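Here the structure is laid out as structure tokens; the discussion comes afterwards.
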Amino acid sequence: MISACLEIIGLGLSLIGTLLVMVACGLPMWKVTAFIEGNIVVAQTIWDGLWMSCVVQSTGQMQCKMHDSVLALTTDLQTARALTVISAVLGVQALMITIAGAQCTNCISKESIKARVVNVGGVIYIMAGLFVLVPLCWMANNIISDFYDPQVPYSKKREIGAALYIGWAASAMLLVGGALLCFSRPQDEKTSYPLKYVPPPTKSTSINGDYDKRNYV
């Protein structure tokens, strides 16, 4: 019962984490314009994402433009694109593997094999969490370094956007959910084999049909 609860909780956290990775990948709010120099009224706000850049006017109008060239992007954006997509793909694969080995399904009959399949799904979820965590920390480090760099002009300074916080939450859920799946072994392999009943040896009879006298000793 405990293993089933751990399995359900781990699968739920991992599924939510995978969905949040997809949301963070599509949001353009990875880098946001930094409001500095004491400006209270700002005419426009710039959002930089993995796939597009958006300009939000003070009137509420927003205009977005897709990135023209992948090679023109910075190294952190190119890496974030690749690793975030890989993390989302790994999350989907881990979901199918975990469902195949779950206790509530009959895709696999042997319990010991089902336990190993669930563990493999948990390991893949942990890998997905690490894949999305690397670009998030890298990009956050670059944003903070540029913010405190006096050589970077104020118009080029950026702040951490909402997509990074969503990605960090997704990474935490994937890591925790994958760890729970790795430790949610339904039963030990030693107890997976049924016990066999061995009948007692039958008493031998003599040639004339009488029981052997050695049986009465």
Side-chain angles (χ1 to χ4, degrees), residues 7 9-34 45-56 62-101 117-149 152 156-182:
E7 188 175 294
I9 295 173
L11 183 58
L13 289 175
S14 302
L15 179 59
I16 296 174
T18 303
L19 295 177
L20 290 180
V21 169
M22 297 178 182
V23 172
C25 182
L27 286 178
M29 293 176 290
W30 284 65
K31 298 179 181 179
V32 184
T33 304
T45 303
I46 300 175
W47 296 344
D48 293 328
L50 300 180
W51 312 98
M52 65 182 69
S53 297
C54 298
V55 177
V56 182
M62 182 175 63
Q63 296 178 351
C64 296
K65 180 183 178 182
M66 302 293 295
H67 294 306
D68 297 330
S69 176
V70 178
L71 300 178
L73 297 176
T74 58
T75 306
D76 56 351
L77 284 177
Q78 294 180 10
T79 306
R81 268 190 177 189
L83 294 182
T84 306
V85 172
I86 291 175
S87 176
V89 173
L90 288 177
V92 175
Q93 291 180 351
L95 176 62
M96 294 186 293
I97 293 174
T98 306
I99 291 178
V117 170
V118 172
N119 293 339
V120 170
V123 172
I124 297 177
Y125 272 126
I126 293 176
M127 293 175 57
L130 294 177
F131 270 117
V132 73
L133 183 62
V134 171
L136 292 171
C137 296
W138 186 9
M139 188 169 295
N141 180 60
N142 291 341
I143 293 173
I144 296 173
S145 299
D146 293 339
F147 186 85
Y148 291 106
D149 190 357
V152 178
K156 299 294 183 179
K157 293 182 182 294
R158 296 290 185 267
E159 290 183 353
I160 298 175
L164 292 182
Y165 295 103
I166 295 176
W168 279 322
S171 177
M173 290 184 178
L174 288 173
L175 294 176
V176 174
L180 291 177
L181 291 176
C182 289

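Just so we're clear, the structure is a prediction, and the values are computed from it rather than from any experiment. For the numbers below, each heavy atom of this structure counts, side chains included, while hydrogens, waters and symmetry mates do not.
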Next item on the list: Quick one: do Ile16 and Leu20 satisfy side chain to side chain contact (heavy atoms under 4.5 Å, CB included)? Show the steps, please.
Entry: CA-CA 6 Å; Ile16 296 174; Leu20 290 180; 4.2 Å; yes
Next item on the list: Would you check, one step at a time, whether the test side chain to side chain contact (heavy atoms under 4.5 Å, CB included) holds for Leu175 with Leu130?
Entry: CA-CA 8 Å; Leu175 294 176; Leu130 294 177; 4.1 Å; yes
Checklist line | Verdict with supporting geometry, Ile126 and Cys182, side chain to side chain contact (heavy atoms under 4.5 Å, CB included) | finding: CA-CA 9 Å; Ile126 293 176; Cys182 289; 4.1 Å; yes
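Looking at Trp51, its side chain does come within 3.5 Å of a backbone N or O of Cys25 through a donor-acceptor pair. Judged by distance alone, the side chain of Ser53 and the main-chain N or O of Lys65 form no donor-acceptor pair under 3.5 Å. In this structure, Ser171 contributes its side chain and Gly167 its backbone to no donor-acceptor pair below 3.5 Å. Looking only at distances, a side-chain donor or acceptor of Trp30 sits under 3.5 Å from a matching main-chain atom of Ala24. Between the side chain of Tyr125 and the backbone N or O of Leu95 there is at least one donor-acceptor pair closer than 3.5 Å.
Minimum interatomic distance between Ala94 and Gly121 (heavy atoms only, all atoms of both residues): CB-O, 3.7 Å. The two atoms that bring Asp149 and Lys157 nearest to each other are O-NZ, 2.8 Å, heavy atoms only. A pairwise comparison of heavy atoms in Leu27 and Ala163 identifies CB-CB, 4.1 Å as the closest pair.
Atoms CG and CG, from Leu133 and Leu83 in turn, are 10.5 Å apart once rounded to the nearest 0.5 Å. Here the CG-CE distance, from Leu77 to Met139, works out to 4.0 Å after rounding to the nearest 0.5 Å. Note that the CE atom of Met173 and the CG atom of Leu19 stand 10.0 Å from one another [nearest 0.5 Å]. One distance of note links CD of Gln93 with CE of Met127; it measures 9.5 Å at 0.5 Å rounding. Summarising the geometry, atom SG belonging to Cys54 is positioned 9.0 Å from atom CG belonging to Asp48; distances are rounded to the nearest 0.5 Å. How far CZ of Phe147 is from CD1 of Ile160: 10.5 Å, rounded to the nearest 0.5 Å.
Ion pairing between Lys31 and Asp76 holds under the 4.0 Å rule for side-chain N and carboxylate O.
For the side chain to side chain contact (heavy atoms under 4.5 Å, CB included) criterion with Arg158, the lone passing option out of Ile46, Asn142, Val32, Ile144 is Ile46.
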